[in-house]
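Letters go in sequence order (proteins before strands), and every chain restarts at 1. Because only heavy atoms are used, hydrogens play no part in the values below, and waters and symmetry mates are left out as well, while side chains stay in.
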There are 2 protein chains.
Amino acid sequence: MKKVTINSVAEYAGVSKKTVSRVLNNEPNVSPATREKVLKVFKELDYKPNPIARGLARNKSFIIGCLYDNPSKSYITRVQSGALEACHKFNYNLLIHPCELRGTELIENVGQLLTTSRLDGLVLTPPFSDSQELIDYLKTQDIPYARVASAIQDDSSISVRSNDEQGAFELTEHLISLGHKEIAFIKGHPDHSATEKRFSGYRNALSKHGIDFNSHLVAEGNFSYHSGADSAKEILDLDPMPTAVFASNDYMAAAVLKLATQRQLKVPEDISIAGFDNAPIARHIWPGLTTIAQPVEEMTRQAVEQLIMQISDPSTEVYQKVLEAKLITRESTASR
Amino acid sequence: MKKVTINSVAEYAGVSKKTVSRVLNNEPNVSPATREKVLKVFKELDYKPNPIARGLARNKSFIIGCLYDNPSKSYITRVQSGALEACHKFNYNLLIHPCELRGTELIENVGQLLTTSRLDGLVLTPPFSDSQELIDYLKTQDIPYARVASAIQDDSSISVRSNDEQGAFELTEHLISLGHKEIAFIKGHPDHSATEKRFSGYRNALSKHGIDFNSHLVAEGNFSYHSGADSAKEILDLDPMPTAVFASNDYMAAAVLKLATQRQLKVPEDISIAGFDNAPIARHIWPGLTTIAQPVEEMTRQAVEQLIMQISDPSTEVYQKVLEAKLITRESTASR
DNA sequence: ATGATATTTGACACCGGTGTCATAATGTCA
DNA sequence: TGACATTATGACACCGGTGTCAAATATCAT
């Protein structure tokens with residue numbers, strides 16, 4: 001199986017390699033006859049351009065990098081799947097790069113990544129999309145990036161997020177409408193902007209319905225199941241015990257449900273539990289968790305698609321979008 | 001910020017670019033003095049070689065592709081994390097490529113991947129690692145690959161798997177030792193070799209302990225939560241109901257647990273439930289699932305590490321390894 | 001000191017494409 | 001038909017490295 005290069009195509013078609021290159025890239029100024037001829041040779045020889053050579057000549061890699069540091073595996077795979085969809089649409093590929101937000105090595109680590117792989121762009125997922133330090137660095141490096149679920153205000157870069165605040169607001173209103181007044185809240189990781197957004201959605205709903213905010217009902221989690229278990233203990237030990245718990249994600253909510261069940265509490269009869277994210281676990285456990293569904297794939301897909309647009313044409317207008325979150329009610333919440 | 005290329009380094013150091021290249025690649029036949037000098041210039045100019053240019057010259061991309069089609073997000077992320085560890089150790093990167101096993105487009109799809117990204121090698125995870133068709137194709141394409149958790153006998157390619165049969169055997173013995181005799185079994189997806197392995201571990205354990213195999217106790221799942229829910233219904237509807245259920249993975253086990261709980265059955269008092277894989281959900285639900293832990297990251301890490309070895313030196317001996325699986329007992333199983 | 005051998009070094013082509021620019025072919029209009 | 005604008009094409013350098021091979025230099029035995 002001999003290698004088919006642009007040279008062999010050119011020779012076979014009886015044109016210069018530059019003309020072949022023109023046809024390859026759909027450039028203008030090629031006569032229809034020539035174009036036809038070259039295209040036919042493409043087919044005949046089954047020619048596939050070498051992306052590495054193209055990359056060298058154009059200083060492009062056709063690879064997008066995806067940064068993440070997230071304990072939720074379902075979130076990660078959803079992000080990946082949205083990103084991949086957009087990449088494949090434009091013949092890009094996706095390189096994944098989990099790393100840690102904390103620690104001085106972050107910038108160094110990302111710098112290393114950029115020099116060793118010549119990415120064409122980066123998708124930042126939480127908590128990286130909220131790291132001002134990283135964003136400042138990327139600006140100096142002159143590499144395009146898109147932010148997913150970021151709360152940072154930056155009109156100069158692509159951003160797609162969902163409305164965490166509205167989601168949390170709706171969920172809280174749902175609990176209130178079921179008659180709950182003592183609603184405990186488990187916060188997420190302080191590095192994630194979603195944490196504050198969800199919290200304020202919760203507070204706003206309380207306030208709208210004239211329920212006093214009580215800081216004793218708030219526990220500090222970090223989105224991990226483990227932290228949810230700790231918070232669950234705090235909350236279920238309260239006297240009087242709240243009648244509902246709203247955890248900032250489903251893993252923590254699952255931890256609350258587990259502890260409640262261990263303690264022979266009936267859910268939702270004795271206590272209502274709600275989460276956020278609509279992770280698979282929300283429907284894999286019994287009772288299923290009432291939660292907020294975010295369009296994670298869609299956010300990432302749009303972000304990456306726009307990123308690629310911007311890479312191919314830097315004058316593209318910067319895209320910024322907020323998608324809606326949706327309340328999903330399951331069995332874990334009921335009127336009291 | 002001016003670009004630092006091999007040419008600028010060569011000029012600055014007063015040597016030819018070929019000599020710089022030799023230093024870069026730790027080639028012999030460079031005098032210690034020259035090497036020192038060049039290394040100093042590397043530091044001074046903060047030189048980073050361009051991987052794309054290297055790739056073109058050596059016809060390498062320094063990228064490994066990872067193929068998967070697996071409903072378990074935790075399995076996927078574990079695979080990725082093991083693969084990444086090996087990749088980063090050798091300055092490779094990882095490109096992920098989920099696709100579907102079924103359908104005639106598989107070969108075409110993979111062929112497309114190979115031509116558009118010039119991967120240096122492929123890691124096949126289940127069910128691809130068991131696809132003889134794919135493996136035959138890869139052989140014709142002359143691209144190195146490594147199989148993870150594959151049951152196919154192929155001495156010519158790297159393979160790292162864990163002992164599914166032994167794991168299932170141990171788990172079944174555990175149930176038997178708790179006094180169970182009617183142990184239902186939910187099979188996995190027929191395309192995965194693990195499905196048969198786990199099944200035969202189950203049968204062997206029964207037979208060793210003189211328990212007759214009863215085909216009515218076997219349900220056909222496919223590793224998805226959904227299929228587990230269907231199988232759960234079949235099994236819990238049996239009369240008499242078995243005293244234990246062994247599902248081929250944790251998602252299906254979770255589905256059994258959910259249905260059992262919905263039906264007011266006490267687990268493990270009324271029925272014991274066990275899974276396989278030690279997925280996060282196994283410890284996120286109550287009661288926690290007794291299961292078998294497989295070293296997924298370690299398998300993939302070893303597979304990719306060996307793959308990279310083989311890429312850099314094709315004469316490397318083909319590595320084949322079987323790792324042990326480990327029984328994890330939690331609250332979902334008890335003596336009857 | 002001399003020739004023989006081993007080590008170090010660099011010139012140059014090459015990997016497979018793309019960008020620039022000059023030139024050839026074609027079209028348009030008076 | 002000639003003068004000029006427009007479109008099509010190719011020669012050649014270049015992207016930033018690596019491979020080949022010959023030349024230059026160092027090492028060694030005699």
Side-chain angles (χ1 to χ4, degrees), chain A residues 1-39 41-42 45-63 91 114-120 311-312, chain B residues 1-39 41-42 45-63 91 114-120 311-312:
Chain A
M1 196 178 58
K2 238 190 71 209
K3 249 191 301 200
V4 181
T5 71
I6 198 171
N7 290 295
S8 47
V9 171
E11 194 177 345
Y12 194 91
V15 298
S16 74
K17 60 193 252 192
K18 179 64 219 191
T19 299
V20 176
S21 167
R22 285 197 182 91
V23 174
L24 207 53
N25 295 288
N26 271 309
E27 284 173 33
N29 299 336
V30 179
S31 75
T34 311
R35 192 181 295 273
E36 277 311 308
K37 186 170 57 178
V38 173
L39 286 173
V41 176
F42 282 176
L45 302 186
D46 191 31
Y47 168 66
K48 312 281 183 194
N50 179 331
I52 299 191
R54 284 184 129 175
L56 179 59
R58 293 209 224 158
N59 198 23
K60 288 197 51 174
S61 63
F62 299 94
I63 296 178
N91 280 312
L114 295 182
T115 52
T116 68
S117 28
R118 301 280 159 141
L119 302 174
D120 288 345
I311 289 166
S312 28
Chain B
M1 196 178 58
K2 239 190 70 207
K3 252 192 298 199
V4 181
T5 72
I6 198 170
N7 290 295
S8 47
V9 171
E11 193 178 345
Y12 194 90
V15 297
S16 75
K17 62 193 250 194
K18 179 64 219 190
T19 299
V20 175
S21 168
R22 281 195 264 261
V23 173
L24 208 53
N25 295 289
N26 271 310
E27 283 173 34
N29 298 335
V30 179
S31 75
T34 311
R35 191 180 298 272
E36 276 311 306
K37 188 169 58 180
V38 172
L39 285 173
V41 176
F42 281 176
L45 302 186
D46 191 31
Y47 169 66
K48 313 280 184 195
N50 180 332
I52 300 191
R54 285 183 128 176
L56 179 58
R58 293 208 223 159
N59 197 23
K60 287 197 50 173
S61 63
F62 300 95
I63 296 178
N91 281 312
L114 295 182
T115 53
T116 67
S117 30
R118 301 281 159 141
L119 302 174
D120 289 344
I311 290 166
S312 26

Of Arg118(B) and Thr19(B), the one whose closest DNA chain C nucleotide lies more 5' = Thr19(B)

key: d(NZ, Lys48(B); C1', dC15(D)) in whole Å   = 21 Å

Under-4.0 Å side-chain N/O to phosphate OP1/OP2 contact, Ser16(B) with dA11(C) = no

request  = Could you check how far NZ of Lys18(A) sits from C1' of dG16(C), rounded to whole Å?
outcome  = 13 Å

message = For a quick check of understanding: with a heavy-atom distance under 4.0 Å over all strands, which category does Asn7(A) fall into, base, sugar-phosphate or nothing?
response = nothing

task = Among the candidates dT8(C), dT18(C), dG19(C), find the nucleotide nearest to the side-chain atoms of Ser31(B).
result = dT8(C)

query = Between Asn25(A) and Gly14(B), which is nearer to the 5' end of DNA chain C once each is assigned its nearest nucleotide?
reply = Gly14(B)

ask   = Passes side-chain contact (heavy atoms from CB on, under 4.5 Å), Val4(A) versus Asp46(A)? Steps please.
value = CA-CA 8 Å; Val4(A) 181; Asp46(A) 191 31; 5.9 Å; no

message = Under 4.0 Å, heavy atoms only, any strand: does Asn59(A) hit a base, just the sugar-phosphate, or nothing?
response = nothing

inquiry  = Measure CD1/Ile52(A) against C1'/dC14(C) and give the value in whole Å, please.
reply    = 15 Å

query = Which whole-number value in Å describes the distance from Arg58(B) CZ to dG16(C) P?
reply = 16 Å

ask   = So what does Pro49(A) hit on the nucleic acid, given a heavy-atom distance under 4.0 Å: a base, only sugar-phosphate, or nothing?
value = sugar-phosphate

query = Of all the nucleotides listed (dG16(D), dG17(C), dT9(D)), which has the minimum atom distance to the side chain of Lys3(B)?
reply = dG16(D)

task = In whole angstrom, give the distance that lies between atom CG of Leu56(A) and atom C1' of dG19(C).
result = 13 Å

query = Going by heavy atoms in the side chains, are Thr5(A) and Asn50(A) under 4.5 Å from each other?
reply = no

task = Among the candidates dC15(D), dT9(D), dT8(C), find the nucleotide nearest to the side-chain atoms of Arg22(A).
result = dT9(D)

task = Answer with base, sugar-phosphate or nothing: what part of the nucleic acid does Val20(A) contact at a heavy-atom distance below 4.0 Å?
result = nothing

query = Hey, what do you get for NZ (Lys48(A)) to CG (Leu24(A)), rounding to the nearest 0.5 Å?
reply = 11.5 Å

note = Rounded to whole Å, the CG-P distance (Asn29(B) to dT7(C)) equals 7 Å

Atom pair distance, as rounded to whole Å: CD1 in Ile6(B) and P in dA11(C) = 14 Å

query = For the base of dG17(C), is there a side-chain donor-acceptor partner from Lys17(A) under 3.5 Å away?
reply = yes

Heavy-atom donor-acceptor pair, Ser117(B) side chain to Leu119(B) backbone, under 3.5 Å = no

key: Distance, rounded to the nearest Å, where Arg54(B) contributes CZ and dG17(C) contributes C1'   = 20 Å

key: Closest non-hydrogen atom pair, Asp120(B) against Ile311(B)   = O-CD1, 3.3 Å

